[in-house]
Amino acid sequence: MNRKISSSSFYMEDKDEELVRLKLAIRSASSPVTVAAPALPPPQQQQPLLLSSSLLSLLTHPVPPSLLLRQFFPPTSLPLEPPPSPPHPSSHLASTNSSPHPSSHRASTNPPHPSSRRASTNPPHPSSHRTSTSRQNVEGPLRPSQTRKSPMRILRPGKSETIPQPYPWATTRRAKVRSVSDLLSKGILKITGDVQCKRCEKRYQIEYNLQEKFTEVNTFITVNMDNMHDRAPQIWQSPILPNCRFCEQNNCVKPLLGKKRRINWLFLFLGQMLGCCKLAELKYFCKHTKSHRTGAKDRVLYLTYLGLLKQLDS
């Protein structure tokens, strides 16, 4: 009995020792490991900040920003070039599409036809060379200066400025009448002209008193000159015609003109019927009296009245 108890006690002691060892191992594993911190160097004494003279001047005396930019960032002499823009994808596609087709390359390698070679060796036609040189002469900067033509036309062959005297109050020159003083000195006091009624078609002569009619027309021009503005008034463009002696119709007797060189200019002036003339007949008068004859009929008619007034008042 004692032997059994001793053996069991030894067995229990061995177990207790193992338990103690396990407890010690578990405690050592679970306890935190303390790491010693490295030793820091002793603090050094800070040195005072030393500023340069330029920085001190900037702090004490403020400088405008523009001067600072010029000092630290001087302007460059060369202009800044913009960065190159990347190529557009469409241009790349166009360049790839414009590449020659292999079929066209094969066609270009074929030798030219002998007929086309013979046609290219033919010399150009001389007419084409003449046309090209004429175009160069026309379009070239050096062209002969053209003198301006005189506004007064030269008479055609067989024509002259002198004509037979058509009326006693006219001269031997075209569209030229004598002055009033000359006519009165020669005893010409009445001016006659041929007329025709537009209704009964009777032809006869009308007589005007030279002194009275000239004074009447001269007064009308002097009074209304400023309101005309170099144009004939309406009463001259559509003149009031005389009444017929036979059918007694009002405003129906028109003057008979005939050829241009036989127009009775003084009779039409005194009766203020120059508006019955056509534009070509009025231009004929201005042409031979060296007056301006371009423009509308009212302007040429106005110049005709002034031209006759100048001839009569000379």
Side-chain angles (χ1 to χ4, degrees), residues 163-228 230-278 281-282 284-286 288-289 291 297-298 300-314:
I163 57 173
Q165 186 177 6
Y167 305 101
W169 47 85
T171 63
T172 57
R173 299 184 65 86
R174 299 173 185 268
K176 180 71 175 177
V177 297
R178 299 189 180 192
S179 63
V180 175
S181 59
D182 187 16
L183 294 175
L184 293 178
S185 63
K186 291 184 178 182
I188 301 176
L189 305 177
K190 303 292 182 178
I191 305 299
T192 59
D194 297 332
V195 295
Q196 183 181 11
C197 179
K198 294 190 291 185
R199 182 178 179 182
C200 64
E201 297 183 353
K202 293 286 185 179
R203 293 188 178 187
Y204 58 95
Q205 285 188 343
I206 292 180
E207 186 179 82
Y208 290 134
N209 187 295
L210 175 62
Q211 187 69 33
E212 293 178 1
K213 281 293 184 179
F214 175 75
T215 306
E216 179 184 346
V217 178
N218 189 17
T219 304
F220 178 82
I221 294 176
T222 305
V223 172
N224 299 284
M225 176 69 73
D226 296 336
N227 298 327
M228 290 182 184
D230 298 339
R231 297 289 187 273
Q234 188 64 31
I235 192 173
W236 284 354
Q237 298 181 46
S238 300
I240 300 175
L241 302 178
N243 301 332
C244 181
R245 293 180 184 176
F246 300 96
C247 63
E248 298 181 356
Q249 183 68 28
N250 297 331
N251 193 18
C252 66
V253 177
K254 63 179 181 179
L256 296 176
L257 302 177
K259 292 184 177 182
K260 294 178 182 178
R261 63 181 181 178
R262 291 193 57 84
I263 293 178
N264 196 349
W265 296 108
L266 180 56
F267 173 76
L268 297 176
F269 175 82
L270 297 177
Q272 300 187 45
M273 293 186 292
L274 286 171
C276 297
C277 297
K278 297 179 181 179
E281 296 165 344
L282 298 175
Y284 171 86
F285 177 87
C286 294
H288 292 284
T289 54
S291 301
K297 184 179 179 180
D298 56 351
V300 182
L301 179 61
Y302 170 81
L303 295 174
T304 305
Y305 269 99
L306 292 187
L308 285 169
L309 178 65
K310 183 179 179 181
Q311 292 179 17
L312 292 170
D313 203 17
S314 60

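For the single chain, residues carry numbers from 1 onward in sequence order.
- Between the side chain of T171 and the main chain of K176, a donor-acceptor pair closer than 3.5 Å is present.
- Here the closest heavy-atom approach between residue V253 and residue Y204 is recorded as CG2-OH, 3.2 Å.
- For the pair P242 and I206, the minimum side-chain heavy-atom distance is below 4.5 Å.
- Put simply, the side chain of L183 reaches to within 4.5 Å of the side chain of L266, judged on heavy atoms.
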_Stepwise side-chain contact (heavy atoms from CB on, under 4.5 Å) check, C277 with L282_ = CA-CA 7 Å; C277 297; L282 298 175; 3.9 Å; yes
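- Side-chain contact between L308 and L268 is absent, with no heavy atoms from C-beta onward closer than 4.5 Å.
- A distance of 5.5 Å separates CD in Q272 from OH in Y305, rounded to the nearest 0.5 Å.
- Nearest heavy atoms, A175 versus W265: CA-NE1, 3.9 Å.
- Residues K190 and Y208 are not in side-chain contact: their nearest non-hydrogen atoms beyond the backbone lie 4.5 Å or more apart.
- No donor-acceptor contact under 3.5 angstrom links the side chains of D298 and Q237, judged on distance only.
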*Starting from the C-alpha separation in whole Å, work towards a yes-or-no answer on ring-ring contact (aromatic ring centres under 6.0 Å, His included) for F220 and W236.*
CA-CA 11 Å; F220 178 82; W236 284 354; 5.6 Å; yes
_Using the rule given for side-chain contact (heavy atoms from CB on, under 4.5 Å), can you reason through S238 versus Q234, listing the C-alpha separation, both sets of side-chain angles and the distance that settles it, and then say yes or no?_
CA-CA 6 Å; S238 300; Q234 188 64 31; 3.4 Å; yes
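- Within a 6.0 Å radius of NZ in K254, other residues, nucleotides and ligands contribute 12 heavy atoms or fewer.
- Remark: I163 CD1 to R174 CZ distance equals 5.5 Å, nearest 0.5 Å.
- Looking at heavy atoms from C-beta onward, L241 lies in side-chain contact with K198 at the 4.5 angstrom threshold.
- When side chains are defined from C-beta on, E201 counts as touching Q196, because their heavy atoms get closer than 4.5 Å.
- Taking both residues in full, the closest heavy atoms of R178 and L312 are given as O-CD2, 3.2 Å, listed atom of the first, atom of the second, then distance.
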_Stepwise side-chain contact (heavy atoms from CB on, under 4.5 Å) check, K260 with F285_ = CA-CA 9 Å; K260 294 178 182 178; F285 177 87; over 6 Å; no
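- Rounded to the nearest 0.5 angstrom, L301 CG and C286 SG are separated by 9.0 Å.
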*Carefully, step by step, assess E281 and I263 under the rule side-chain contact (heavy atoms from CB on, under 4.5 Å).*
CA-CA 9 Å; E281 296 165 344; I263 293 178; 4.1 Å; yes
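- Within a 6.0 Å sphere centred on CG of L256, heavy atoms belonging to other residues, nucleotides or ligands number more than 12.
- The environment of CD in Q165 is crowded: more than 12 heavy-atom neighbours from other residues, nucleotides or ligands sit within 6.0 Å.
- Looking at residues two or more places apart in sequence or on another chain, you find no salt bridge (charged side-chain N to carboxylate O under 4.0 Å, His left out) involving R199.
- Atom CG of D182 is separated from atom OG of S314 by 8.5 Å, given to the nearest 0.5 angstrom.
- Here the straight-line distance linking atom NZ of K202 with atom CD of Q249 works out to 15.5 Å at 0.5 Å rounding.
- Once rounded to the nearest 0.5 Å, the distance linking CG of N209 with CD1 of I191 reads 9.5 Å.
- Shown here is L184, whose CG atom has more than 12 heavy atoms of other residues, nucleotides or ligands within 6.0 Å.
- Judged by distance alone, the side chain of Q205 and the main-chain N or O of D194 form no donor-acceptor pair under 3.5 Å.
- Contact check for Q311 versus T289: side-chain heavy atoms found under the 4.5 Å cut-off.
- Between the N250 side chain and the N243 main chain, no donor and acceptor come within less than 3.5 Å of each other.
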*Step-by-step ring-ring contact (aromatic ring centres under 6.0 Å, His included) determination, F267 to Y167*: CA-CA 10 Å; F267 173 76; Y167 305 101; 9.1 Å; no
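- Contact check for P166 versus R261: no side-chain heavy atoms found under the 4.5 Å cut-off.
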